[in-house]
Amino acid sequence: MFRKIGIGLGLASALLVSACVETPKTPPVVTPPVVEPVPPVKPPVTPVENPVLADKRLDTLPGWAGSDAFIALEALRATCLYKAGRQYAAICADLADEEFNSPADIKAFLITRFQVEAVPGEGMLTGYYVPDYQAEYVPTTEFSQPVRPKPDDLVVIPGSQLTPPSTAVKIAARKVGDKYVPYYSRAEIELMPATTSYYMRPEDYFFMQLQGSAFLTTPDGKTVYSAYAADNGRPFVGIAKPMQERGYLAPNQTSGDNIHKWLAEHRGPEATEVMNLNPRYGFFVIQPDRTSPVGASGLSLPPGSAVAVDPSLNPLGDLFWIDANAGTLVDAFPVYQRMVSALDTGGAIKGQIRADLYVGHGAKAGTEAGRIKHKLKMWRIVPFEN
């Protein structure tokens with residue numbers, strides 16, 4: 001870089017002395033520009049190649065576009081807890097490394113890792129919940145129903161050992177002499193004495209048996225969890241249809257709330273006779289320290305993301321897509337379309353296209369659960385093969 005030197009008129013002599021020497025100048029101090037720190041960029045969902053055929057992609061499922069991505073994510077997380085070392089292992093490992101910034105990210109992750117397998121046919125979706133009920137420490141006229149623990153004489157045996165033999169893999173029985181016979185029916189059990197510290201309203205206890213568990217609030221303000229312990233092995237028989245046939249309830253009024261209300265209003269011999277139409281009987285164990293419901297999988301149940309299934313046909317921990325609509329009961333939600341995890345079982349849940357959706361805890365969940373009686377189609381959600 002060349003410098004320009006200015007010359008004054010009176011500086012000739014000075015110029016002769018310094019003509020060959022340029023006086024060095026102090027360079028100006030340059031302040032470096034302030035650079036604003038760049039915030040770290042969160043990595044996007046890891047892309048993977050998707051070899052799934054068009055008709056097996058998740059985004060072809062009915063209701064996929066409008067479905068809740070977070071319900072699907074909770075279902076997958078539950079499945080990973082139950083089956084982390086099995087068919088979902090690689091996807092569960094990927095899931096642990098992902099950070100989702102939006103519902104679209106979640107769906108992109110799912111679409112690029114899963115494919116669907118249709119389950120032919122049509123079945124039924126129902127709903128269940130964990131209710132809150134009152135309980136007393138001593139029986140009263142209103143709280144007359146003992147919370148019965150599993151009887152000492154109830155054993156579970158292979159169905160082939162029963163007299164007469166049963167096709168069931170396992171069944172509840174009692175021993176008479178050297179033979180195993182079916183365990184007592186509901187009506188027979190209710191005539192037996194009970195050793196317990198908790199008593200409920202009969203209609204509440206009946207619904208606790210249907211739901212499989214409940215939180216019980218005692219007079220001193222304590223809350224305990226009443227968990228399923230066993231059942232008598234008898235077939236489940238719904239009472240909604242006979243109540244409709246007898247004219248107790250209108251055909252489209254057989255919701256859980258309406259059945260419970262009728263039983264409460266007719267408490268005594270009339271309600272008892274109706275409840276005894278269902279011979280299946282559940283027994284319970286009190287767990288004072290439990291604060292969340294647990295399914296047959298041994299895991300806490302995420303509301304809206306967990307279903308009870310028939311484990312002989314649909315393994316626990318598997319993922320499914322449910323498409324359920326045309327509810328038959330008044331004020332029912334019109335449609336249920338979502339990814340769910342099979343985390344529970346139930347005595348009335350029999351068949352391959354049969355699911356019971358866990359909708360949560362408390363009265364509001366109970367109202368919703370009691371109105372779910374929808375036609376159901378199902379798809380298996382399985383990893384695609386690389």
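Side chains included, hydrogens not; waters and symmetry mates left out as well; all remaining heavy atoms used.
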Check for a donor-acceptor pair, side chain of [X] on one end and backbone N or O of [Y] on the other, with a separation under 3.5 Å.
X: T196; Y: V147; answer: yes
X: H374; Y: F333; answer: yes
X: Q161; Y: P158; answer: no
X: D94; Y: F109; answer: no
X: W379; Y: K56; answer: no
X: S166; Y: G159; answer: no
X: E117; Y: R380; answer: no
X: K107; Y: D59; answer: no

Is any side-chain heavy atom of [Y] closer than 4.5 Å to one of [X]?
X: V340; Y: S305; result: no
X: V309; Y: Q352; result: no
X: F70; Y: P103; result: yes
X: P303; Y: H361; result: no
X: E98; Y: D105; result: no
X: Q337; Y: S67; result: no
X: D323; Y: L61; result: no
X: R354; Y: M124; result: yes

Handout entry: Neighbour count above 12 (heavy atom, 6.0 Å) for D152 CG
Key = no

Exercise for the section: Count the heavy atoms of every other residue, nucleotide or ligand shown that sit under 6.0 Å from OH of Y137, and state whether that count exceeds 12. Expected result: yes

First locate atom [atom1] of [X], then atom [atom2] of [Y], and finally report the distance between them rounded to the nearest 0.5 Å.
X: T272; Y: E190; atom1: OG1; atom2: CD; result: 7.5 Å
X: T126; Y: L210; atom1: OG1; atom2: CG; result: 10.5 Å
X: K150; Y: N232; atom1: NZ; atom2: CG; result: 12.5 Å

How close do [X] and [Y] get, heavy atom to heavy atom, and via which atoms?
X: D344; Y: A296; result: OD1-N, 2.8 Å
X: D231; Y: L154; result: O-CD1, 3.5 Å
X: F215; Y: T291; result: CZ-O, 3.6 Å
X: L162; Y: P182; result: CD1-N, 3.7 Å
X: A75; Y: M339; result: CB-O, 3.8 Å
X: A135; Y: P219; result: O-CD, 3.2 Å

Indicate if [X] and [Y] have the same hydrophobic cluster label, given that clusters are the connected sets of ILVMFWY residues with side-chain heavy-atom separations under 4.5 angstrom.
X: L73; Y: V116; value: yes
X: I189; Y: Y198; value: yes
X: I353; Y: Y336; value: yes
X: F236; Y: F207; value: yes
X: I286; Y: Y133; value: yes

Exercise for the section: For R338 and D68, run salt bridge (charged side-chain N to carboxylate O under 4.0 Å, His left out): C-alpha distance rounded to whole Å, both residues' side-chain angles, the deciding distance at 0.1 Å, then the answer. Expected result: CA-CA 7 Å; R338 62 188 64 183; D68 190 324; over 6 Å; no

Exercise for the section: Evaluate the salt bridge (charged side-chain N to carboxylate O under 4.0 Å, His left out) criterion for residues E270 and R246: first the C-alpha distance (whole Å), next the side-chain angles of each, then the deciding distance (0.1 Å), finally the verdict. Expected result: CA-CA 12 Å; E270 191 174 9; R246 296 181 183 194; over 6 Å; no

Return the orientation label for the [X] and [Y] ring planes: parallel under 30°, perpendicular over 60°, tilted otherwise.
X: Y248; Y: H266; result: parallel
X: Y88; Y: F114; result: tilted
X: Y205; Y: F284; result: perpendicular
X: F283; Y: Y183; result: perpendicular

Problem - Option among R148, R186, E188 that satisfies the side chain to side chain donor-acceptor pair (under 3.5 Å) test with Y281 - result: R148

Fill in the blank from the handout: For Y199, the side-chain hydrogen bond (donor to acceptor under 3.5 Å, both in side chains) test, sequence neighbours excluded, returns none

Problem - By salt bridge (charged side-chain N to carboxylate O under 4.0 Å, His left out) - contacts of E265 (at least two apart) - result: K261

Handout entry: Under 3.5 Å side-chain donor-acceptor pair for R234 and N278
Key = no

Handout entry: Distance-only side-chain donor-acceptor flag, S255 / D257, under 3.5 Å
Key = no

Problem - Y184 six-ring face occupied by R174 cation (under 6.0 Å, within 45°) - result: yes

Problem - Trace of the side chain to side chain contact (heavy atoms under 4.5 Å, CB included) decision for L95 with F100 - result: CA-CA 10 Å; L95 180 65; F100 302 110; 3.7 Å; yes

